[in-house]
Amino acid sequence: MASGEGSNFEALVHACRNGDIPAEVVLLVVNRETCGALSRATRLEIPTLVLDHRAVASREELDRRIAASFQQRGVDLVVMAGWMRIVTEVLIGAYPERLINIHPSLLPSFRGARAIQQALDAQVRLSGCTAHLVELEVDTGPILVQAAVPVLETDSAETLSERIHQQEHRILPLAVQLAAERLGLLESNS
Ligand code: GRF
């Protein structure tokens, strides 16, 4: 599930196709026709579904449609990578322990939509990214993987975001692997 550039989505597709994780990305759900994620999916030949939240009566109804489209395709795990909508119990309940979010800070610091700017404003020397299981409260839930990224004096939101993205692309496949192992969907390598 994405609604932005989709670089994490693409990193996940490559991790699957390279054999880094024994998984397959079967569907991309977006809520905006114009987002970068959608063009990446077209290029990568991944099926897509556009569900415009403005055309749906409630958050619950949106989540019901999303859950149904995943269930129809036999999806085991769902990843939210830049999905900028608050999800409800409907989706969380349909994918318990199976719904992963990636967030651009070292949670529990800097929850919410402006995490990178918050880190810069707080003048922390270390930020990073977190992949975690989704719970009802936004940007909470059991942490699967984190990566630390130094914040440089010269950083802008753009340069910091770029370095955080590089780490996100590394940890997101690891988080998918871990979540799948926890559920017994994969043989553990350890
Ligand atoms: C990432 O920084 C992710 O942590 C946040 O939204 C951004 C999505 O980036 N939730 P992209 O669309 O995957 O490039």
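We count ligands from 1, going down the list as the structure has it; atoms in each ligand are counted the same way. Values below: all heavy atoms of this structure, side chains included; hydrogens, waters and symmetry mates excluded.
For E137, the salt bridge (charged side-chain N to carboxylate O under 4.0 Å, His left out) criterion is met by R111, not counting sequence neighbours. Every residue meeting the side chain to side chain donor-acceptor pair (under 3.5 Å) condition with Q146, not counting sequence neighbours, appears here in chain and number order: T130.
Placement of M1 and L136 within a single hydrophobic cluster is found when ILVMFWY residues are connected by side-chain heavy-atom separations under 4.5 Å, directly or transitively.
The CG atom of L38 sits 12.0 Å away from the CZ atom of R43 when rounded to the nearest 0.5 Å.
Within 4.0 Å of ligand 1, heavy atoms belong to protein residues G4, E5, G6, S7, N8, G82, I102, H103, P104, H165, E168.
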Kindly list each side-chain donor-acceptor pair under 3.5 angstrom involving residues 44-56, sequence neighbours excluded, with atom names and distances?
from	atom 1	to	atom 2	distance (Å)
D52	OD1	R54	N	2.9
D52	OD1	R54	NE	3.1
D52	OD2	R54	NE	3.3
D52	OD2	R54	NH2	2.8
H53	ND1	N31	ND2	3.1
H53	NE2	R85	NH1	3.3

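Salt-bridge annotation for E60 and R64: absent, with no side-chain N of the basic residue lying under 4.0 Å from a carboxylate O of the acidic one.
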